[in-house]
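Following: one structure in structure tokens, then a few remarks.
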Amino acid sequence: MGRNARLFVVSGPSGVGKGTILRQVRKDRPELHLTVSATTRKPRPEDTDGVTYHFLSDAAFDQLVSEDAFLEWAHVHGHSYGTLKTEVDPYLAQGCSVVLEIDVQGAFAVREKRPEAVLVFVEPPSVEELERRLRARGTEDEQSIQLRLANARREMELSCKYDVRIVNDKLDEAVERMRALIDHYENEGGFDQDGHHQA
Ligand code: ADP
Ligand code: 5GP
């Protein structure tokens, strides 16, 4: 089929729908690897260790940092989160594209190390709708919602630095755009003379 395995980074404010979109895309592309990050945040009732995240103590996380086990890591919403190299490289080597759902700091760190990575930013139709979705999800207390909304404003200011932006207004359309861009970069994505992605 001429597909090249590619590294995709998906960012966007908490509650915008990144996880929902990626789970839908993966239904037709089961070989697409969605990385499982390591984190020091406490599991929520819906979390499963090793599936939603690798839940680690601060000491275990720091140990992995000292062993250079992370492709990137960052402090997000008051906790440490990181992408283990073992979640990325073996999959690319097998010819499977890999998707990292990480924050803006992590995305730019990945771009430094892997300039061929495709950075995708998912935007809400409005900040009001983002707040509605965060509340409707029902996973955060009020303090955590306020922290996530404050971070959202900061993150959205950086969206112009991403290769591609997707507005998640109608879910089906956002899923279709994500699917199409993954296909596009796998099939014919390349770089121009300045090292930027050609759309
Ligand atoms: P993220 O992974 O970006 O934090 P989620 O995927 O958990 O966000 O989505 C947050 C909430 O918004 C969920 O309850 C999800 O069902 C809902 N949601 C996602 N996309 C849409 C959409 N296009 N319209 C309305 N609600 C949505
Ligand atoms: P949550 O705790 O709500 O699942 O995720 C909080 C935030 O952490 C999200 O913005 C998510 O993108 C970010 N995040 C999750 N995993 C990683 C990671 O491995 N690295 C970085 N830099 N951010 C991450």
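Keep in mind that what you see is a predicted model, and the values were worked out from it rather than measured. Order of listing sets the numbers, starting from 1, for every ligand and every atom in it.
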Quiz item: Which atoms of ligand 1 sit under 4.0 Å from any heavy atom of Ser14?
Solution: 4 (O)

Quiz item: Does any N or O in the side chain of Ser97 come within less than 3.5 Å of the main-chain N or O of Ala5, such that one atom is a donor and the other an acceptor?
Solution: no

Exercise. Measure the distance from atom 12 (O) of ligand 2 to every protein heavy atom, then report the residue, atom name and distance (to 0.1 Å) of the closest one.
Key: Ile102 C, 3.3 Å

Quiz item: Tell me, which protein residue and heavy-atom name are nearest atom 20 (N) of ligand 2, and how many Å apart are they?
Solution: Glu72 OE2, 2.7 Å

Quiz item: Checking Arg165 side chain against Val120 main chain: does a donor-acceptor pair fall under 3.5 Å?
Solution: no

Quiz prompt | Side-chain donor or acceptor of Glu123 paired with backbone N/O of Asn168 under 3.5 Å | solution = no

Quiz item: For Ala136, is the nearest heavy atom under 4.0 Å from an atom of ligand 1?
Solution: no

Quiz item: Between atom NE2 of His79 and atom CG of Asp58, what is the distance when rounded to the nearest 0.5 Å?
Solution: 9.5 Å

Quiz item: Is it true that Phe70 lies under 4.0 Å from ligand 2, counting heavy atoms only?
Solution: no

Quiz prompt | Distance (rounded to the nearest 0.5 Å) between Glu186 CD and Ile182 CD1 | solution = 7.0 Å

Quiz item: Are the charged groups of Arg133 and Glu128 less than 4.0 angstrom apart, N to O?
Solution: no

Quiz item: Looking at His77, which atoms of ligand 2 are within less than 4.0 Å of one of its heavy atoms?
Solution: 6 (C), 7 (C)

Practice problem: Give the numbers and elements of all ligand 1 atoms closer than 4.0 Å to a heavy atom of Asp169. | Solution: 22 (C), 23 (N), 24 (N)

Quiz item: With distance as the sole test, does Ser57 use its side chain to make a donor-acceptor pair with the main-chain N or O of Ala60 at under 3.5 Å?
Solution: yes

Exercise. Please work out whether any backbone atom (N, CA, C, O) or any side-chain heavy atom from C-beta onward of Val76 is under 4.0 Å from ligand 2, and answer side chain, backbone, both or neither.
Key: side chain

Exercise. Please name the residue in the list Leu71, Thr35, Thr83, Val10 that meets the side chain to side chain contact (heavy atoms under 4.5 Å, CB included) test with Ile102.
Key: Thr83

Self-check item: Arg137 N/O to ligand 1 N/O under 3.5 Å
Solution: yes

Quiz item: What protein heavy atom is closest to atom 22 (N) of ligand 2, reported as residue, atom name and distance in Å?
Solution: Asp103 OD1, 2.7 Å

Quiz item: At what distance is the nearest protein heavy atom to atom 2 (O) of ligand 1, and which residue and atom is it?
Solution: Gly19 N, 2.9 Å

Self-check item: Nearest protein heavy atom with distance in Å, relative to atom 8 (O) of ligand 1
Solution: Gly17 N, 3.1 Å

Quiz item: Hey, what do you get for CG (Leu100) to OG (Ser11), rounding to the nearest 0.5 Å?
Solution: 9.0 Å

Quiz item: Does Arg148 reach ligand 2, in the sense of a heavy atom lying below 4.0 Å from it?
Solution: yes

Practice problem: Specify the protein heavy atom at minimum distance from atom 16 (N) of ligand 2: its residue, its atom name, and the distance to 0.1 Å. | Solution: Ser37 OG, 3.1 Å

Quiz item: Does ligand 2 have an atom that lies less than 4.0 angstrom from a heavy atom of Glu101?
Solution: yes

Exercise. Looking only at distances, please establish whether an N/O atom of ligand 1 is found under 3.5 Å from an N/O atom of Lys170.
Key: no

Practice problem: Output the list of atoms in ligand 2 that are nearer than 4.0 Å to some heavy atom of Gly106, sorted by atom number. | Solution: 22 (N)

Quiz item: Quick one: does ligand 2 sit under 4.0 Å from the side chain of Gln105, the backbone, both or neither, non-hydrogen atoms only?
Solution: neither

Exercise. Keeping the roles fixed (side chain from Glu87, backbone from Val36), state whether a donor-acceptor pair exists under 3.5 Å.
Key: yes

Quiz item: Going through the checks in order, is the ring-ring contact (aromatic ring centres under 6.0 Å, His included) test met by Phe70 and Phe61?
Solution: CA-CA 10 Å; Phe70 288 109; Phe61 195 97; 4.7 Å; yes

Quiz prompt | Is_contact(atom 9 (C) of ligand 2), protein non-hydrogen, under 4.0 Å | solution = no

Quiz item: Which residue and non-hydrogen atom of the protein lie closest to atom 6 (O) of ligand 1, and at what distance in Å?
Solution: Thr20 OG1, 2.5 Å

Quiz prompt | Heavy-atom neighbours of Lys85 NZ exceed 12 at 6.0 Å | solution = yes

Quiz item: At a 4.0 Å cut-off, with the gap strictly under it, does some heavy atom of Gly12 reach an atom of ligand 1?
Solution: no

Quiz prompt | Proximal ligand 1 atoms for Leu171, defined as those under 4.0 Å from one of its heavy atoms | solution = 20 (N), 23 (N)

Quiz item: Can you tell me the protein heavy atom closest to atom 20 (N) of ligand 1 and the distance?
Solution: Asn168 ND2, 3.0 Å

Quiz item: So, Arg114 and Asp89, do they make that salt bridge, N to O below 4.0 Å?
Solution: yes

Quiz item: With a 4.0 Å cut-off, would you call Asp47 and Arg41 a salt bridge?
Solution: yes

Quiz item: For ligand 2, is there an N or O atom under 3.5 Å from any N or O atom of Glu155?
Solution: no

Quiz prompt | Glu140/Arg44 ion pair, N-O < 4.0 Å | solution = yes

Quiz item: At under 4.0 Å between heavy atoms, which part of Arg44 makes contact with ligand 2: side chain, backbone, both or neither?
Solution: side chain

Practice problem: If the plane angle is over 60° it's perpendicular, under 30° parallel, otherwise tilted; pick one for Tyr185 and Phe8. | Solution: perpendicular

Quiz prompt | Contact (N/O only, under 3.5 Å) between Ala74 and ligand 2 | solution = no

Quiz item: Which ligand 1 atoms does Glu101 reach within 4.0 Å, using its non-hydrogen atoms?
Solution: 2 (O)

Practice problem: Consider ligand 1: state whether an atom of it lies below 4.0 angstrom from any non-hydrogen atom of Ala174. | Solution: no

Quiz item: In terms of residue, atom name and distance, what is the protein heavy atom nearest to atom 1 (P) of ligand 2?
Solution: Tyr53 OH, 3.4 Å

Quiz item: Ignoring hydrogens and geometry, is there a side-chain-to-backbone donor-acceptor pair from Lys18 to Glu101 under 3.5 Å?
Solution: no

Quiz item: When you measure from atom 4 (O) of ligand 1 to each heavy atom in Gly15, Pro13, Ala152, which option holds the nearest one?
Solution: Gly15

Self-check item: Polar side-chain atom of Asp163 near backbone of Leu119 as donor-acceptor pair, under 3.5 Å
Solution: yes

Practice problem: Starting from atom 11 (C) of ligand 1, locate the nearest protein heavy atom and write down its residue, its atom name and how far away it is, to 0.1 Å. | Solution: Arg133 O, 3.9 Å

Self-check item: Location of contacts on Trp73 toward ligand 2, heavy atoms closer than 4.0 Å
Solution: neither

